[in-house]
K.L.:
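Can you read through this structure? Questions will come right after.
Just so it is clear, the structure is predicted and the values come from calculations on it, not from any experiment.
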Amino acid sequence: MSIRHFLLSQDGAIEEFSDEEASAVAEGKQDLPRYADKQLRYVQVAFDDSPSDDGEIQVRTMGAIVRFDTEGRLAEADGELQARDELNEFEHDACVQFALRETLPVSYALN
């Protein structure tokens, strides 16, 4: 199982983080000064490393609202998305496609 981590800003930017970077931020070992005093959407995409015998890959997503303090340290993560902060379909699908780009480099369909 592979996991990809994404932060989505209000201006439409999507930034991907490795497992190590995401863990360091969550544990307070790494600051993100560019996000100081901001609230962002976090998306985690977990997926099978290889297709099953019938060619399918299981994909699971979850999200949260994350808030950073004035220094860019993670201050809060809330899994209860507020209506104004919910991901739209395009953002969700973009995160899934980014996550799968190396596993399925050719074309694929999202269901």
Side-chain angles (χ1 to χ4, degrees):
M1 171 101 13
S2 292
I3 300 175
R4 300 286 191 269
H5 310 269
F6 300 92
L7 282 178
L8 290 80
S9 64
Q10 297 302 330
D11 64 359
I14 299 174
E15 185 173 355
E16 183 175 0
F17 293 85
S18 69
D19 280 337
E20 295 80 19
E21 291 170 319
S23 292
V25 170
E27 295 170 6
K29 297 177 182 175
Q30 180 178 338
D31 298 343
L32 298 175
R34 63 192 170 279
Y35 296 128
D37 219 17
K38 299 216 187 255
Q39 180 172 295
L40 304 168
R41 290 162 296 162
Y42 166 78
V43 177
Q44 182 184 85
V45 181
F47 57 94
D48 296 335
D49 293 322
S50 58
S52 66
D53 291 340
D54 58 0
E56 291 186 359
I57 289 182
Q58 292 282 324
V59 177
R60 295 161 198 83
T61 59
M62 64 175 243
I65 300 299
V66 294
R67 190 177 57 75
F68 294 88
D69 67 12
T70 57
E71 303 298 318
R73 288 184 300 265
L74 181 63
E76 181 180 13
D78 185 1
E80 296 295 320
L81 296 174
Q82 298 171 356
R84 66 179 172 80
D85 293 317
E86 287 183 5
L87 288 177
N88 62 41
E89 275 186 55
F90 175 80
E91 293 167 325
H92 178 271
D93 291 352
C95 290
V96 171
Q97 289 181 21
F98 287 149
L100 295 175
R101 71 184 176 276
E102 294 167 2
T103 302
L104 299 172
V106 191
S107 62
Y108 57 90
L110 293 175
N111 292 327

K.L.:
Taking all non-hydrogen atoms of both residues into account, name the closest pair between L74 and A26 and its distance.
P.N.:
CD2-CA, 3.9 Å
K.L.:
Is E21 close to Q30 at the side-chain level, that is, under 4.5 Å between some pair of heavy atoms?
P.N.:
yes
K.L.:
Between CG of L8 and CD of E15, what distance do you get to the nearest 0.5 Å?
P.N.:
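So the gap between those two atoms works out to 10.5 Å.
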K.L.:
Can you tell me how far apart SG (C95) and CD (E16) are? Round to the nearest 0.5 Å.
P.N.:
9.0 Å
K.L.:
NE2 of H5 to CD of E20: how many Å apart, nearest 0.5 Å?
P.N.:
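Reported to 0.5 Å precision, the distance equals 8.5 Å.
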K.L.:
What distance do R34 atom CZ and L7 atom CG have between them, rounded to the nearest 0.5 Å?
P.N.:
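The distance works out to 8.0 Å.
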K.L.:
State, yes or no, whether a side-chain contact exists between D48 and M1 at a heavy-atom distance under 4.5 Å.
P.N.:
yes
K.L.:
Of all heavy-atom pairs between F68 and Y35, which one has the smallest distance, and what is that distance?
P.N.:
CB-O, 3.2 Å
K.L.:
Identify the heavy atoms of V59 and L100 that sit nearest to each other, and give their distance.
P.N.:
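The answer is CG2-CD1, 4.2 Å.
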K.L.:
Name the orientation class of the two ring planes belonging to F6 and F98 (parallel below 30°, tilted from 30 to 60°, perpendicular beyond 60°).
P.N.:
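Tilted: the ring planes of F6 and F98 meet at 30° to 60°.
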K.L.:
Is there a continuous path of hydrophobic side-chain contacts, each under 4.5 Å between heavy atoms, that joins V45 to I3?
P.N.:
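Different clusters.
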K.L.:
What is the minimum heavy-atom distance between A36 and T70, and which atoms define it?
P.N.:
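Taking every non-hydrogen atom into account, CB-O, 3.3 Å.
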K.L.:
Of all heavy-atom pairs between D69 and A75, which one has the smallest distance, and what is that distance?
P.N.:
N-CB, 4.0 Å
K.L.:
Side chains of L32 and F17: closer than 4.5 Å at any heavy-atom pair?
P.N.:
yes
K.L.:
Could you check whether any side-chain heavy atom of R41 comes within less than 4.5 Å of a side-chain heavy atom of I65, counting everything from C-beta outward?
P.N.:
yes
K.L.:
Where do E76 and V66 land on the side chain to side chain contact (heavy atoms under 4.5 Å, CB included) test, with the steps shown first?
P.N.:
CA-CA 6 Å; E76 181 180 13; V66 294; over 6 Å; no
K.L.:
So, taking the atom named OG in S52 and the one named CD in Q58, what distance separates them when rounded to the nearest 0.5 Å?
P.N.:
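Here the rounded value is 7.5 Å.
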K.L.:
Within a 6.0 Å radius of atom CG on D53, are there more than 12 heavy atoms belonging to other residues, nucleotides or ligands?
P.N.:
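It does not: D53 CG has 12 such atoms or fewer within range.
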K.L.:
What heavy-atom pair brings D31 and R73 nearest, and what distance separates the two atoms?
P.N.:
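Closest approach of D31 to R73, heavy atoms only: OD1-CG, 2.7 Å.
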K.L.:
Applying side chain to side chain contact (heavy atoms under 4.5 Å, CB included), can you list everything that pairs with S2, at least two apart in sequence or on another chain?
P.N.:
R4, F47, D49
